[in-house]
Asker: 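Mind having a look at this structure? Questions to follow.
All figures in this text were calculated on a predicted structure; none of them were measured in a lab. In the text below, chain A, chain B and the rest are named by the order of the sequence lines, each starting its count at 1. All heavy atoms count here, side chains included; hydrogens, waters and symmetry mates do not.
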Amino acid sequence: MLPRKYRLKNQKAFNATYKNHKIVSNSLLTLYIGKEKKDPTSPTKAGFVVSKKYHKRAVKRNRIKRLMREVCRLTLKQGELGKLNKYMSFILIPKEETLNKKFKDVNEAFYNLLDRIK
RNA sequence: AGGAGCAGCCGGAUAAUCGCGCAGAUGAAAAACUCUGUGAGGAAAGUCCGGGCACCCGAGGACAAACCGCCUGAUAACGUCAGGUGCGGGCGACCGUGAGGAUAGUGCCACAGAAAUGCAGACUGCCGAUGAAUCUCUAACGAGAUAACAGGCGAUGGUGCAACGGUGAGGUAAGAGCUCACCGGCAAGAUUGAGAGGUCUUGGCCAGGUAAACCCCGGUUGGGUGCAAGGUUGACUAAAAGGUUAAGGUGUCCGCCGUCUUUUGACAAACCGCUGGAGCUUGCAGGCAACUGUAAGUCGAGACAGAUGAUUAUCUUGAAACAGAACCCGGCUUAUGAGCUGCUCCUUUUU
RNA sequence: CGGGAUGUAGCGCAGCUUGGUAGCGCACCGUGUUCGGGUCGCGGGGGUCGCAAGUUCGAAUCUUGUCAUCCCGA
């Protein structure tokens, strides 16, 4: 789990990130990126979305969210966010194939996305 | 040994590293850091019932409506549970059961069939005892035959889920509960049980099915909304440009309100409710049991983008099923891996 | 979290109230018309009525349970 200050919180923040229309994706994950920071010292916030349409069972949805969070946490800890540091926020959304994947696969997919940010 | 029935248990473990929610300590306070404690289920699920709690409306009675439907008990309550009765299934342990009323009334019963409910006599049929007719035999009385006119009868009837009791015997012209025996069902009486009901006796032979069709009978229920209920304390009731026969407020125009499009705006909330309760564990007492009473001990999540995870190693049986609290309880239903325990029944073998 | 609705042929729907025959349009197949295709005419095939129990002689229809999909409110 991420420490609280790195979490993306309310409805407005999510909508603002979506509206920026800056999207990167591969076969496992989709990444929405927010606007550039005004204050460079404030932390980059992360949001995770798994809709009820993705899977009916709460246990499966929780599992995906936890995997994504863990990936972000470890990346953040090692300071390897790279270009994402410039931005205020990002949102991660899984794809259908992500359902039964392991930690390694999700981790690789996330690093793949980081490399492709302009 | 094999097969089966019922009841119950468990719901991966250990270690290391990196992390999260809540509470407490540290702290003037907030944030951060550190330490300690604690942190999902038997179904948390489906939302099918019943309550608590909160607010709004109502406040007397009747009807209506909805729901329930063998009996007795349990419970805060229930459509739930326990024990019993009847019926059905199984060799049995045991299991299932929406199971009031069809002589209160109405409706429906396709096709087939003579007929599907006003308990029928129309049709198909059976009979020729009785009365009449014709013929034959006889001296006569009378006997026999023919058709079935009057008449008698309700047995027979490719059907159908179902045909106004069934089987057998007697009886008769033919027949019929007309009579008898047994069976089924109905009614009355006696007896027994707290009751549903059980048992016995007698009677007459009278009664199709469907109420998860309308309905009748009996019983229960104030109605609605649901913790995003509801309450407390603060703050905001955003801004700019353009359009408006693309809806409207006036009959028209302008303006205004409203509305539409575009752009900008990521601090605009915090707290209570919120978990100590029809609570859990153990003992004792009452009860066949559900459950109740009582004594002692005990506190086991409380989030708000929403906490239990990730990686590695070892082990169980090869890596572990179904599945995540969101106001709280009582049930029901459904999903579920590998196994274990107790009691009981049946079959076979040995002593 | 709460509330409501719908599952019938490949697709879109009717039939359910009042239980006995599952039907309509498009699509599909065959055939006729045409030089050929379309249109049009004629004929035909295709449905576990979401699933499972029950009531009934008999269930798409009635009752109960269950599964899936969609919509609405906050």
Side-chain angles (χ1 to χ4, degrees):
Chain A
M1 198 58 204
L2 286 169
R4 199 159 260 173
K5 65 174 179 179
Y6 295 113
R7 295 184 205 168
L8 194 57
K9 293 248 176 175
N10 54 45
Q11 181 85 44
K12 286 202 169 182
F14 270 82
N15 281 343
T17 308
Y18 282 133
K19 269 193 176 175
N20 204 37
H21 292 299
K22 197 164 185 179
I23 307 166
V24 186
S25 73
N26 58 20
S27 63
L28 292 187
L29 299 169
T30 301
L31 182 66
Y32 282 78
I33 302 170
K35 290 187 288 192
E36 294 192 20
K37 283 180 188 172
K38 294 167 184 167
D39 176 11
T41 60
S42 69
T44 300
K45 297 194 173 187
F48 308 90
V49 174
V50 185
S51 81
K52 209 163 188 177
K53 282 183 183 172
Y54 178 82
H55 196 279
K56 230 187 118 183
R57 301 292 169 203
V59 171
K60 306 269 185 189
R61 296 199 301 271
N62 282 347
R63 161 109 189 131
I64 297 285
K65 272 182 149 181
R66 282 166 182 162
L67 276 179
M68 294 193 299
R69 280 196 199 112
E70 189 67 11
V71 166
C72 288
R73 184 179 70 80
L74 291 175
T75 310
L76 200 67
K77 194 186 169 198
Q78 292 161 11
E80 292 178 2
L81 269 184
K83 291 168 184 167
L84 264 185
N85 267 325
K86 290 196 298 186
Y87 301 99
M88 293 174 74
S89 65
F90 62 93
I91 299 174
L92 270 178
I93 300 173
K95 299 207 174 173
E96 275 185 48
E97 294 86 55
T98 321
L99 191 57
N100 289 317
K101 288 286 188 291
K102 294 194 170 173
F103 174 79
K104 265 187 191 171
D105 302 317
V106 180
N107 201 27
E108 284 172 14
F110 185 61
Y111 275 93
N112 176 264
L113 288 181
L114 284 184
D115 290 340
R116 288 167 51 194
I117 298 173
K118 294 173 185 175

Asker: Polar pairs (N or O, both sides) under 3.5 Å between protein and nucleotides 10-17 of chain B?
Answerer:
none

Asker: What's the gap between B/rU192 and B/rG287 when it is taken at their P atoms, as a whole Å value?
Answerer: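 Pairwise P distance, B/rU192 against B/rG287, rounds to 28 Å.
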Asker: Closest to the A/Val49 side chain: B/rA305, B/rC18, B/rG324?
Answerer: B/rA305
Asker: Across all strands, who's sitting opposite C/rG38 as a Watson-Crick or G-U wobble pair, both distances under 3.5 Å?
Answerer: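 Paired with C/rG38, as far as the under-3.5 Å criterion goes, is no nucleotide at all.
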Asker: Which base, if any, makes a Watson-Crick or G-U wobble pair with B/rG309, both distances under 3.5 Å?
Answerer: B/rC18
Asker: Please give the distance between the P atoms of B/rU281 and B/rC299 as a whole number of Å.
Answerer: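 It comes out at 15 Å once rounded to the nearest Å.
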Asker: B/rA305 C1' sits how many Å from A/Lys65 NZ, rounded?
Answerer: 6 Å
Asker: What closest approach, in Å, do A/Ser25 and A/Lys95 show between heavy atoms, and which atom pair accounts for it?
Answerer: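 In this case the closest contact between A/Ser25 and A/Lys95 is OG-NZ, 3.8 Å.
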Asker: Evaluate side-chain contact (heavy atoms from CB on, under 4.5 Å) for A/Leu92 paired with A/Val49, printing each intermediate quantity in order.
Answerer: CA-CA 6 Å; A/Leu92 270 178; A/Val49 174; over 6 Å; no
Asker: Give none if C/rA52 has no partner; otherwise give the nucleotide forming a Watson-Crick or G-U wobble pair with it, both distances under 3.5 Å.
Answerer: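 Base partner found: C/rU64.
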Asker: Between B/rU210 and B/rC6, how far apart are the P atoms? Round to whole Å, please.
Answerer: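 32 Å, rounded to whole Å.
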Asker: In whole angstrom, give me the gap between the P atoms of C/rA9 and C/rA22.
Answerer: 16 Å
Asker: In whole angstrom, give the distance that lies between atom CG of A/Asn62 and atom C1' of B/rA326.
Answerer: 13 Å
Asker: Would B/rA40 be called syn or anti here, given the cut-off of 90° from 0?
Answerer: syn
Asker: In whole angstrom, give me the gap between the P atoms of B/rU85 and B/rA77.
Answerer: 28 Å
Asker: Using purine N1 to pyrimidine N3 plus N6-O4 or O6-N4 for Watson-Crick, or N1-O2 and O6-N3 for G-U wobble, both under 3.5 Å, which nucleotide pairs with C/rC16?
Answerer: none
Asker: Tell me the partner of B/rG12, counting only Watson-Crick (N1-N3 plus N6-O4 or O6-N4) or G-U wobble (N1-O2 and O6-N3) with both under 3.5 Å; none if nothing fits.
Answerer: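 In the structure as shown, B/rG12 has B/rC315 as its Watson-Crick or wobble partner.
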Asker: Please check the phosphate of B/rA307 (OP1 and OP2 only) for any side-chain N or O of A/Arg69 closer than 4.0 Å.
Answerer: yes
Asker: Atom CZ of A/Arg73 to atom P of B/rU311: distance rounded to whole Å?
Answerer: 12 Å
Asker: How far does the C1' atom of B/rG58 sit from the matching atom of B/rU221, given to the nearest Å?
Answerer: 16 Å
Asker: Is the glycosidic angle of B/rG337 within 90° of 0, making it syn, or outside that range, making it anti?
Answerer: anti
Asker: Report yes if the side chains of A/Phe103 and A/Leu74 come closer than 4.5 Å at any heavy-atom pair, otherwise no.
Answerer: yes
Asker: Between B/rA305, B/rG324, B/rC18, which nucleotide gets closest to the side-chain atoms of A/Arg66?
Answerer: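 Of the candidates, B/rG324 comes closest.
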Asker: In whole angstrom, what separates A/Phe48's CZ from B/rC20's P?
Answerer: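 The distance from CZ of A/Phe48 to P of B/rC20 comes to 14 Å, rounded to the nearest Å.
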Asker: Can you check the distance between B/rG98 and C/rU55, where both ends of the measurement are the C1' atom (answer in whole Å)?
Answerer: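 Their C1' atoms lie roughly 9 Å apart.
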Asker: Starting at CZ of A/Arg61 and ending at C1' of B/rA44, how long is that distance when rounded to a whole Å?
Answerer: 14 Å
Asker: Once you round it to whole Å, what is the distance between C1' of B/rA266 and CD1 of A/Ile33?
Answerer: 17 Å
Asker: Given B/rG306, B/rA40, B/rU311, which nucleotide is nearest the side-chain atoms of A/Phe103?
Answerer: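 Side chain of A/Phe103 sits closest to B/rU311.
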Asker: If B/rC78 has a Watson-Crick or G-U wobble mate with both distances under 3.5 Å, name it; if not, just say none.
Answerer: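 Paired with B/rC78, as far as the under-3.5 Å criterion goes, is no nucleotide at all.
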Asker: May I have the step-by-step check of side-chain contact (heavy atoms from CB on, under 4.5 Å) for A/Leu67 and A/Lys102, ending in yes or no?
Answerer: CA-CA 8 Å; A/Leu67 276 179; A/Lys102 294 194 170 173; over 6 Å; no
Asker: If C/rC11 has a Watson-Crick or G-U wobble mate with both distances under 3.5 Å, name it; if not, just say none.
Answerer: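 WC or wobble partner is C/rG25.
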Asker: Can a donor-acceptor pair be found, under 3.5 Å and without considering hydrogens, that links the side chain of A/Asn26 to the backbone of A/Leu29?
Answerer: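 Checking the backbone N and O of A/Leu29 against the side chain of A/Asn26, a donor-acceptor pair under 3.5 Å is found.
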Asker: Check the chi torsion on B/rC63 and let me know: syn if it falls within 90° of 0, anti if not.
Answerer: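 Nucleotide B/rC63 adopts anti.
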Asker: Have a look at B/rG300 and give me syn or anti from its glycosidic angle (syn if within 90° of zero).
Answerer: syn
Asker: Roughly, in whole Å, what's the span from CE in A/Met68 to P in B/rG19?
Answerer: 21 Å
Asker: Which is it for A/Asn62 and A/Arg66 under the side-chain contact (heavy atoms from CB on, under 4.5 Å) test, yes or no, and what are the steps along the way?
Answerer: CA-CA 6 Å; A/Asn62 282 347; A/Arg66 282 166 182 162; 4.2 Å; yes
Asker: Syn if the chi torsion is within 90° of 0, anti otherwise; quick check, which is B/rG158?
Answerer: anti
Asker: For A/Phe48 and A/Lys65, work out which heavy atoms get closest and say how close.
Answerer: O-CE, 3.8 Å
Asker: When rounded to the nearest 0.5 angstrom, what is the spacing between CD in A/Glu70 and CZ in A/Arg73?
Answerer: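 Between A/Glu70 CD and A/Arg73 CZ, I get 4.0 Å after rounding to 0.5 Å.
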Asker: Taking C/rG4 as the reference, what is the distance to C/rC40 when you measure between their C1' atoms (whole Å, please)?
Answerer: 47 Å
Asker: To the nearest 0.5 Å, tell me how far A/Asn107 CG sits from A/Leu28 CG.
Answerer: 11.5 Å
Asker: Quick one: A/Arg57 CZ to B/rC322 P, roughly how many Å, whole number?
Answerer: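 It is 10 Å, rounded to the nearest whole Å.
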Asker: Identify the residue among A/Ile93, A/Ile91, A/Leu113 that makes a side-chain contact (heavy atoms from CB on, under 4.5 Å) with A/Leu31.
Answerer: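 With A/Leu31 as partner, A/Ile93, A/Ile91, A/Leu113 yield a single side-chain contact (heavy atoms from CB on, under 4.5 Å), made by A/Leu113.
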Asker: Partner lookup for B/rG113, please. Criteria are Watson-Crick or G-U wobble with both distances under 3.5 angstrom; report none if nothing qualifies.
Answerer: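 Matched B/rG113 with nothing under the 3.5 Å cut-off.
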Asker: Would you mind telling me which residue lines up with the more 5' stretch of RNA chain B, A/Lys102 or A/Leu74, judged by nearest nucleotide?
Answerer: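 Residue closer to the 5' terminus by nearest nucleotide: A/Leu74.
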